[in-house]
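Chain letters run A, B, ... following the sequence lines, proteins first and then strands; every chain starts at 1.
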There are 2 protein chains.
Amino acid sequence: MAKKEKIKPVVDVSTEEKIKQAARKVFTQKGYAATRTRDIAEEADINLALLNYYFRSKEKLFEIIMLEKLQKFFSVLLPIINDTATTLENKVEGIASSYIDLLTANADLPLFILSEVRNNPEIFIKIAQRKNFLQESVLVKQLQGKRADINPLQFLMSLLAMCIFPFVMKPVLQRMADVAENDFQRMMLERKMLIPAWTKAMLKAK
Amino acid sequence: MAKKEKIKPVVDVSTEEKIKQAARKVFTQKGYAATRTRDIAEEADINLALLNYYFRSKEKLFEIIMLEKLQKFFSVLLPIINDTATTLENKVEGIASSYIDLLTANADLPLFILSEVRNNPEIFIKIAQRKNFLQESVLVKQLQGKRADINPLQFLMSLLAMCIFPFVMKPVLQRMADVAENDFQRMMLERKMLIPAWTKAMLKAK
DNA sequence: GTCTATAACCTGATAGAC
DNA sequence: GTCTATCAGGTTATAGAC
């Protein structure tokens, strides 16, 4: 349980939580550098000084939000790829389904993480539990058992690409391909079926 | 006429060009908001005032660089997808090969474009020659001829994802999967073969 | 805990000498 | 065209009253 409030009505959250919610929104939308603490204060409907009272600095607040977001992003992946009870096909379905659900509700999450990691690689080390958690995963072993001739990272990268990239491209798609919000969501739902079918075909390809 | 130099030795470029080169580097590395005009001036090894003398403002300079980068990014795609003389398979090979070459030399190009478009959608309209240039392309028609039951955008999105996403993920990969620069480049070369094979399998999948 | 006022600093841009 | 010096405005952060 991340928070200690017993029952917290949605209409009356603590000031600290209001600031965090606002920070989540503004940071992910605009990125660290383009965000002013005033934007966050205004969004949270609180006084600017309170931000520093609760979080000391913009940077400290950002770090909290970023760690949260990284956690969110990877907590989808980790339990699935190391599940010894499921097949490779199950895992692919699970990853596609969970990521598409997560990103449908948080479309700006991947672009936020990726662009901030570029400017701030250090923060990324903090959450990376251990290096090579991908290569040492059950999924990779299953992959190698099935197709020893395929570099597992190549496959994994394509799988993640098909799940995540559409959300990174979303702003572009909406402008260059006239894809409305409805259409986009329908397409992402369809993707939950397409990705397992396509990756299955990829693993059969010679 | 922006410049009058006929032949310009690499060792002695004009001040204007030095500023542009520096701007290309700093803007793509850090993004618009995190870039200070002082960074660019320092990188270009010129006086800060000269930046404004030649380009009026940070924003104007950025616009020039961004248009250049968008041009670069889409000029790979446009001629290929509308070539009536090539097959669908040829087009996939061409896209994979050209994008991987382009991005190997300009790895931060996609993340730069994608993250700046988020903050500044207007500039994007300027270069988008016409909407729906994807849907109206020869490639989409060929796709529909082959598999009328597949949404061409779904296929195209996966194709571009497999070409571009690895470069967006590159900073993450290098930290979470311990992929060195050499390994990464080898993988991208391998991808030029994998993508045609995989997309072919995808189009056969039922 | 919350507010107002302000300090301390940074950044884009320009004036004016050369 | 290029430089130094500086301005004007904005930004983070804090001091101090309530």
Side-chain angles (χ1 to χ4, degrees), chain A residues 3-6 8-9 11-66 115-116 119-120 122-123, chain B residues 1-9 11-67 115-116 119-120 122-123:
Chain A
K3 283 178 273 135
K4 42 202 80 174
E5 298 87 14
K6 319 263 185 229
K8 190 50 83 172
V11 290
D12 180 37
V13 283
S14 70
T15 301
E16 189 176 349
E17 190 52 36
K18 274 205 292 186
I19 297 172
K20 271 170 111 174
Q21 282 176 8
R24 272 181 214 113
K25 182 172 173 186
V26 183
F27 275 139
T28 46
Q29 262 173 20
K30 317 214 289 179
Y32 177 79
T35 295
R36 298 169 308 152
T37 50
R38 281 170 168 78
D39 299 333
I40 298 174
E42 197 182 342
E43 176 73 33
D45 200 31
I46 52 105
N47 189 282
L48 174 58
L50 286 177
L51 191 149
N52 292 90
Y53 174 76
Y54 281 103
F55 297 97
R56 243 181 51 105
S57 73
K58 175 187 178 184
E59 201 176 345
K60 202 92 191 72
L61 175 57
F62 177 77
E63 223 170 86
I64 291 168
I65 303 299
M66 177 52 107
S115 59
E116 296 302 328
N119 293 343
N120 198 356
E122 308 84 44
I123 199 172
Chain B
M1 180 81 74
K3 281 181 270 140
K4 45 208 81 186
E5 299 86 15
K6 318 258 189 238
I7 301 145
K8 189 51 80 172
V11 290
D12 178 36
V13 282
S14 69
T15 302
E16 189 177 348
E17 189 52 36
K18 273 206 293 187
I19 297 172
K20 271 170 109 173
Q21 283 176 7
R24 271 181 213 113
K25 182 173 174 184
V26 182
F27 275 140
T28 47
Q29 262 174 17
K30 317 215 287 179
Y32 177 79
T35 295
R36 298 170 308 152
T37 50
R38 283 169 169 78
D39 299 333
I40 298 174
E42 196 182 342
E43 174 73 32
D45 200 31
I46 53 105
N47 189 281
L48 173 58
L50 285 176
L51 191 150
N52 292 90
Y53 174 77
Y54 280 104
F55 296 98
R56 242 182 49 110
S57 73
K58 176 188 178 184
E59 201 177 344
K60 202 93 192 74
L61 175 56
F62 176 77
E63 223 168 86
I64 291 168
I65 303 299
M66 177 52 105
L67 287 173
S115 58
E116 296 303 328
N119 293 343
N120 198 355
E122 308 83 44
I123 200 172

Could you state the [atom1]-[atom2] distance from [X] to [N], rounded to the nearest angstrom?
X	N	atom1	atom2	answer
B/L50	D/dA5	CG	P	15 Å
B/E63	C/dG12	CD	P	17 Å
A/R36	D/dG9	CZ	P	16 Å
A/Y32	D/dT11	OH	C1'	11 Å
B/N52	D/dT4	CG	P	15 Å
A/I19	D/dA13	CD1	P	13 Å
B/F55	D/dT2	CZ	P	12 Å
A/Y53	D/dG16	OH	C1'	14 Å

[Y] side chain reached by [X] side chain, heavy atoms, under 4.5 Å:
X	Y	value
A/F55	A/I19	yes
A/L61	A/T37	no
B/Y53	B/N47	no

Exercise for the section: Using atom types as modelled and distance alone, determine if a side-chain donor or acceptor of A/E43 lies under 3.5 Å from a backbone N or O of A/A23. Expected result: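 Side chain of A/E43 to backbone of A/A23, a donor-acceptor pair under 3.5 Å: no, none is there.
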
Practice task
Say whether, by atom type as modelled, one donor and one acceptor occur between the side chain of B/K58 and the main chain of B/L51 under 3.5 angstrom.
Solution key: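 A pair under 3.5 Å: no.
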
[X] vs [N]: side-chain N/O to OP1/OP2 distance below 4.0 Å:
X	N	value
A/T37	D/dT11	no
B/Y54	D/dT2	yes
A/T15	C/dT2	yes

Close N or O pairs between protein and nucleotides 4-8 of chain C (under 3.5 Å):
{"residue": "C/dT4", "atom": "OP2", "partner": "A/N47", "partner atom": "ND2", "Å": "3.2"}

Problem - SB check A/E63 A/R56 (cutoff 4.0 Å) - result: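 Salt bridge flag = no for A/R56 with A/E63.
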
Exercise for the section: Taking side-chain hydrogen bond (donor to acceptor under 3.5 Å, both in side chains) as the test, write out the residues that go with B/D39, two or more places apart. Expected result: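 So B/D39 forms a side-chain hydrogen bond (donor to acceptor under 3.5 Å, both in side chains) with B/K30, B/R36.
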
Handout entry: Strand contacts (DNA chain C) in residues 24-31 of chain B, 4.0 angstrom heavy-atom criterion
Key =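 None - not one residue of the stretch has a heavy atom sitting under 4.0 Å from the strand.
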
Exercise for the section: Looking only at non-hydrogen atoms, find the nearest pair between A/K18 and A/D45 and report the distance. Expected result: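 Taking every non-hydrogen atom into account, NZ-O, 4.2 Å.
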
Exercise for the section: For the pair A/Y32 and A/F27, name the ring-plane relationship: parallel under 30°, tilted 30 to 60°, perpendicular over 60°. Expected result: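 Answer is parallel, since the angle falls under 30°.
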
